[in-house]
Chemist: 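One structure is given below, represented as structure tokens, and several questions about it will come after.
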Protein chains: 4
Amino acid sequence: MADSKKSAGKRRQLMVAAAQVLHRQGVERTTIADIANAADVPVGNVYYYFKTKDALVQAALAEHAGHLAGLTDELDRLPDPRERLKALVGGWIGQRDVAARYGCPTGTLAVELDKREDGGMDVEAGRVIRLLLDWAERQFRELGAPDPDGLALTLVGAYQGMSLLTNALRDPEIMVREGNRLLDWLDSLPGDS
Amino acid sequence: MADSKKSAGKRRQLMVAAAQVLHRQGVERTTIADIANAADVPVGNVYYYFKTKDALVQAALAEHAGHLAGLTDELDRLPDPRERLKALVGGWIGQRDVAARYGCPTGTLAVELDKREDGGMDVEAGRVIRLLLDWAERQFRELGAPDPDGLALTLVGAYQGMSLLTNALRDPEIMVREGNRLLDWLDSLPGDS
Amino acid sequence: MADSKKSAGKRRQLMVAAAQVLHRQGVERTTIADIANAADVPVGNVYYYFKTKDALVQAALAEHAGHLAGLTDELDRLPDPRERLKALVGGWIGQRDVAARYGCPTGTLAVELDKREDGGMDVEAGRVIRLLLDWAERQFRELGAPDPDGLALTLVGAYQGMSLLTNALRDPEIMVREGNRLLDWLDSLPGDS
Amino acid sequence: MADSKKSAGKRRQLMVAAAQVLHRQGVERTTIADIANAADVPVGNVYYYFKTKDALVQAALAEHAGHLAGLTDELDRLPDPRERLKALVGGWIGQRDVAARYGCPTGTLAVELDKREDGGMDVEAGRVIRLLLDWAERQFRELGAPDPDGLALTLVGAYQGMSLLTNALRDPEIMVREGNRLLDWLDSLPGDS
DNA sequence: TATGAATGAGGCTTCATTCAT
DNA sequence: GATGAATGAAGCCTCATTCAT
């Protein structure tokens, strides 16, 4: 059973390992060998699954997107949009230690990819961020709040900003403080619930 | 006299060039040669002014810190703390095109340096960010607002977040939108002015 | 029946594909995968038919030899040796576009194999060329021309030379010009016909 | 004195080494390290003089062109064009052992480069061959022979062909035999001398 | 001080060949 | 037999750093 998964799963293993290692070490400081080791795959074999390092980075981005989609799907089960948003923020706070150490995966990746000339990989990163923006906007809209688009921008921007500060100052408490402020803000918004 | 200036000036030239090029290309993708070229200094000569690449990065950080100090000094001439804060935000909005293309210099540098193992260079980046935090806190305090510490965190966090989104989505308008929101927010704060 | 043919046919498919692809891309720039693809055979399967890449190259050489044998057999049906030789040259001229693009298959292969250290594969290439030399010598001898050996050398040498120039200068007209000169030369030779 | 040449001469050293090693081993089988070793230069340093392996190959081609120019300059001192051409052929015969082992430098290089996709390096090889064609044509024209263009093609074609056969069959005597035939042919041409 | 040149470690990628099913 | 996957040895190239003058 484990074996039947092996072959099909190796690609996945690599994606997961890439997502994690790239988040921790950054794109440029991470070698293919690093990822191969983390995935417990021989270096040469990586190229059977991904033609270039860039392809692996893209895969890591996709992995983050998938993770995010899984998270929002989870949240969508909550009946109330305000509660969904608050649960999202709660999740951020829960990740404060990771954020303090490595920052927001998508955000830091986006920053790094932006410096590359590679065709449109930065755009790809933007797309992942937009996933979150769009989901948030839907919640605000469902809530009946005015300017849901702008509110989403504010929320996600606040998240990226507090992640960055938390990371730069190595202080998880920032995440708590600003997270709670966001929770209050969400509560203060007029809306159907 | 010209000569004594020259060598002192070369060091400065390198710092300025480093700050600019590192902001645009990122730390890892920038070579010593890139910076040397931008500063119009022969490659071999760089090492007379900076022992290692890391030292150059540090210098770039210091350059950013100096620039920031110059900016806040400028703002400090304004009589009213609320106006100072609003002028700061106005400056951010004015930089929207740079932000869309390259992000916030200090923020992106901090993100990249965090991924390095090098001794404490990430801390250094944090220090630059804290300069801004401290200045903002002083303004809020002078304004008589409650929790000036938290307000500074919110303000600077919002700046970093909106810079990141602006950059990731390549849309300067985000900077305008969120910047205006911050201006309104500053106006809404209770205070002595 | 279909199946028994299949596996025998696959070997042949690979030989034909190898001959073609190696001619076009050269030995060193051609990968096993290239040949496998051209032959529509899974990569891993190639090794059931040929132990090494070298064996495939040898097979391509044999394929060229076989092709050459088929050609001379065809020509041998002509009653007159002078006509046979002229028909050979006519065939060369007819191949001018291929020659302009890729050169003479045997000649270019010989040049490349000569650079290898591999045991005697260059000798093998020489053998294929000698097939042609020997056949030409027989025709000259049958024609009663003096020094048939030397004439064969001159004829085949001229062919290799004009192929190379045609290829290097990418000009098929060279093949026509020099081919016609050879035809005149053959006509001018004293002989029984 | 030797030292003053060192720095300026290193580029040249590399060109000469490249020309020789590439002739012997072929383009694809030759590594940068091979050339670096032959030139007694550390591998990493090669890239200071030549940006890529292709650039080195180009340089080798230029070296061959230079060598050829030197040769024809030498020949141009002879008063009679027929003698110049005969001296050229004599030189070819004199090189028979090299030809038997490695073929004609320009010809084999042209064959190999033709298989590459690299931008126009094959054309470059053609240009070197054309140098020889043009020189020969000038001699035939000066001799007053009809169709000097065609005669040059015949002469150089014969050279390439006999080099290839000599190399493929590993028999220097072919060079002697065909070389002498060319000498007779040159003598038989009507002309002013 | 100034500078072109030198050095070598390390990263990405390709590919012939071998395995496991 | 058949086949996708695995493996590791090179090869090309970049670059921080050091040297020699």
Side-chain angles (χ1 to χ4, degrees), chain A residues 3-4 6-11 14 27-36 40-57, chain B residues 3-4 6-8 10-11 27-36 41-57, chain C residues 3-4 6-8 10-11 27-36 41-57, chain D residues 3-4 6-11 28-36 40-57:
Chain A
D3 274 324
S4 71
K6 210 182 180 182
S7 181
K10 218 164 202 178
R11 199 190 149 84
L14 281 166
V27 176
E28 310 287 348
R29 314 267 310 172
T30 298
T31 69
I32 293 276
D34 288 337
I35 297 173
D40 203 43
V41 162
V43 187
N45 197 11
V46 172
Y47 287 86
Y48 187 82
Y49 297 98
F50 300 96
K51 279 212 184 322
T52 63
K53 184 181 178 180
D54 278 10
L56 246 184
V57 175
Chain B
D3 274 321
S4 70
K6 211 180 180 182
S7 61
K10 252 184 196 175
R11 203 190 142 82
V27 176
E28 309 289 347
R29 298 189 70 86
T30 298
T31 69
I32 294 277
D34 286 339
I35 296 172
V41 164
V43 187
N45 201 358
V46 172
Y47 284 82
Y48 273 96
Y49 299 99
F50 301 95
K51 276 233 180 324
T52 65
K53 183 180 180 181
D54 278 9
L56 248 182
V57 175
Chain C
D3 273 322
S4 69
K6 213 181 180 182
S7 61
K10 251 183 196 175
R11 204 190 141 82
V27 176
E28 309 289 346
R29 298 189 70 87
T30 297
T31 70
I32 294 277
D34 286 337
I35 296 173
V41 165
V43 187
N45 200 359
V46 171
Y47 284 82
Y48 273 96
Y49 299 100
F50 301 95
K51 278 233 178 323
T52 66
K53 183 181 180 182
D54 279 9
L56 248 182
V57 175
Chain D
D3 274 323
S4 70
K6 211 180 179 185
S7 184
K10 219 163 199 179
R11 200 190 148 84
E28 309 287 348
R29 314 270 306 176
T30 298
T31 71
I32 294 276
D34 287 337
I35 296 173
D40 203 42
V41 162
V43 187
N45 196 11
V46 172
Y47 288 88
Y48 185 80
Y49 296 97
F50 300 96
K51 278 211 183 324
T52 64
K53 182 182 179 180
D54 278 10
L56 247 185
V57 175

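Below, chains carry the letters A, B, ... as their sequence lines are ordered, and counting in each starts from 1.
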Chemist: How would you list, by chain and number, every residue that makes a side-chain hydrogen bond (donor to acceptor under 3.5 Å, both in side chains) with D/R29, sequence neighbours excluded?
Modeler: none

Chemist: If the cut-off is 4.0 Å, is A/K10 near the phosphate of F/dA6, judged by side-chain N/O to OP1 or OP2?
Modeler: yes

Chemist: Distances under 3.5 Å only, N/O to N/O: pair up the protein atoms with those of nucleotides 11-13 of chain E.
Modeler:
{"residue": "E/dC12", "atom": "OP1", "partner": "A/K53", "partner atom": "NZ", "Å": "3.2"}
{"residue": "E/dC12", "atom": "OP2", "partner": "A/I32", "partner atom": "N", "Å": "3.0"}
{"residue": "E/dT13", "atom": "OP2", "partner": "A/Y47", "partner atom": "OH", "Å": "3.0"}
{"residue": "E/dT13", "atom": "OP2", "partner": "A/K53", "partner atom": "N", "Å": "2.7"}

Chemist: For DNA chain E, report each stem as range with range, ordered by first number, or say none. Use Watson-Crick or G-U wobble pairs under 3.5 Å, at least 3 in a row.
Modeler: E:2-21 with F:2-21

Chemist: Taking for each residue the nucleotide of DNA chain E bearing the nearest heavy atom, is the 5' side occupied by C/V27 or by D/G44?
Modeler: D/G44

Chemist: Answer yes or no: is there a donor N or O on one side and an acceptor on the other, between the side chain of D/K10 and the main chain of D/V46, under 3.5 Å?
Modeler: no

Chemist: Who pairs with D/N45 by side-chain hydrogen bond (donor to acceptor under 3.5 Å, both in side chains), at least two apart in sequence or on another chain?
Modeler: none

Chemist: Rounded to the nearest 0.5 Å, how far apart are CD1 of D/I32 and CD1 of D/I35?
Modeler: 5.5 Å

Chemist: Should the side chain of A/Y48 and the base of F/dA6 be counted as holding a donor-acceptor pair, with the cut-off at 3.5 Å?
Modeler: no

Chemist: For A/T52, enumerate each residue passing the side-chain hydrogen bond (donor to acceptor under 3.5 Å, both in side chains) test, keeping only those at least two apart in sequence or located in another chain.
Modeler: none

Chemist: Roughly, in whole Å, what's the span from OH in C/Y49 to C1' in F/dT3?
Modeler: 12 Å

Chemist: Please report the closest heavy-atom contact between D/E28 and D/K53, naming both atoms and the distance.
Modeler: O-NZ, 4.1 Å

Chemist: Rounded to the nearest angstrom, tell me the gap between atom CZ in A/R29 and atom P in F/dT14.
Modeler: 20 Å

Chemist: May I ask you to verify if any side-chain N or O of C/N45 is less than 4.0 angstrom from the OP1 or OP2 atom of F/dT3?
Modeler: yes

Chemist: Could you work out, with side chain to side chain contact (heavy atoms under 4.5 Å, CB included) as the rule, every residue matching A/F50, not counting sequence neighbours?
Modeler: A/R11, A/L14, A/M15, A/A55, A/L56, A/A59

Chemist: Could you tell me how far apart A/R11 (CZ) and F/dG4 (C1') are, to the nearest whole angstrom?
Modeler: 15 Å

Chemist: Heavy atoms only: give me the nearest C/A36-C/V43 pair and the separation to one decimal.
Modeler: CB-CA, 4.0 Å

